[in-house]
Asks: 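This is the structure I have questions about; it appears just below.
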Amino acid sequence: NIFCMKEPKYMMKLMSTYGGLIEQDTATMNKRVKLNQAGEAVNCSFKYTETFQNHFLYRYAVDYHNNLRHATPAIEEAWVDCQNVFLCDCSVKSEFVFNIHMFSWKKKIKYTLLEYKIKLAFALMQNE
């Protein structure tokens, strides 16, 4: 369906697959000041029909989405997230390998995951 709305300066056309030319009860009341034929200002109040009401309520949703989609990527923030995931994954895997090899070498050293991460963090801070 193609719906048209005549304004003083332009005609608005919307193509829609839903709605009709009915005023919804939940629509907000709009007010405008118009000049009549005598040049006097007259207050006018009205409700948009369903299709135009939805257009005016949600017209920015597509613009906001496109702005987010076309925004400059934040490489630093994405890299920090990837780096954190990589470090967490590596620390868990290295703790698993450490515990297997320490037990296989008969040193009988076994750390919990928390103890191992603390020792690993201190070793990384001291460049060991």
Side-chain angles (χ1 to χ4, degrees):
N1 298 335
I2 297 177
F3 300 98
C4 299
M5 182 174 72
K6 177 80 172 95
E7 290 286 339
K9 296 181 181 178
Y10 63 92
M11 176 179 274
M12 182 174 165
K13 296 178 185 177
L14 290 177
M15 183 162 60
S16 175
T17 58
Y18 67 92
L21 294 175
I22 56 172
E23 293 177 353
Q24 292 181 325
D25 294 333
T26 59
T28 57
M29 187 64 73
N30 298 300
K31 295 179 181 177
R32 291 213 181 135
V33 177
K34 291 186 174 185
L35 296 176
N36 63 7
Q37 293 176 349
E40 300 170 342
V42 178
N43 289 329
C44 176
S45 60
F46 62 95
K47 290 183 179 182
Y48 286 118
T49 60
E50 182 180 11
T51 305
F52 291 99
Q53 177 71 18
N54 287 335
H55 167 73
F56 286 117
L57 285 176
Y58 305 114
R59 64 183 163 183
Y60 297 111
V62 174
D63 293 336
Y64 291 152
H65 175 71
N66 286 338
N67 286 338
L68 289 175
R69 199 170 54 119
H70 296 296
T72 306
I75 296 172
E76 296 85 12
E77 293 173 9
W79 173 247
V80 168
D81 291 342
C82 292
Q83 190 177 16
N84 288 339
V85 170
F86 178 74
L87 283 174
C88 290
D89 188 38
C90 287
S91 68
V92 170
K93 288 180 181 177
S94 65
E95 184 265 341
F96 179 71
V97 171
F98 177 81
N99 282 332
I100 287 175
H101 286 294
M102 284 299 137
F103 263 73
S104 65
W105 291 339
K106 308 289 189 229
K107 293 187 180 181
K108 304 291 183 188
I109 300 171
K110 177 126 177 114
Y111 295 124
T112 65
L113 183 59
L114 180 61
E115 292 171 339
Y116 182 76
K117 283 187 175 184
I118 290 170
K119 289 189 180 291
L120 179 63
F122 280 116
L124 288 173
M125 285 190 291
Q126 296 170 359
N127 288 329
E128 291 180 358

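All values reported here derive from a predicted model rather than from experimental measurement.
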Asks: Just verifying a value: how many Å separate Gln53 CD and Lys47 NZ, rounded to the nearest 0.5 Å?
Replies: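 Result: 9.0 Å between the selected atoms.
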Asks: Restricting to non-hydrogen atoms, name the atom on Ala41 and the atom on Val33 that form the minimum distance, rounded to 0.1 Å.
Replies: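 For Ala41 and Val33, the tightest heavy-atom pair comes out as CB-CG1, 3.7 Å.
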Asks: Starting at OH of Tyr48, measure out to CG of Leu57 and round the result to the nearest 0.5 Å.
Replies: 10.5 Å
Asks: Would you give the length of the straight line joining atom OG1 of Thr28 to atom CZ of Phe56, rounded to the nearest 0.5 angstrom?
Replies: 10.5 Å
Asks: Find the distance between OG1 (Thr49) and CG (Asn54) and round it off to the nearest 0.5 Å.
Replies: 9.0 Å
Asks: Below 4.5 Å, heavy atoms only, C-beta onward: do Lys31 and Phe46 meet side chain to side chain?
Replies: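 They are not in side-chain contact.
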Asks: Rounded to the nearest 0.5 Å, what's the gap from NZ on Lys34 to CD on Glu40? Could you check?
Replies: 16.0 Å
Asks: Are there more than 12 heavy atoms of other residues, nucleotides or ligands under 6.0 Å from atom NZ of Lys6?
Replies: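 Yes, because the 6.0 Å sphere around NZ of Lys6 holds more than 12 heavy atoms from other groups.
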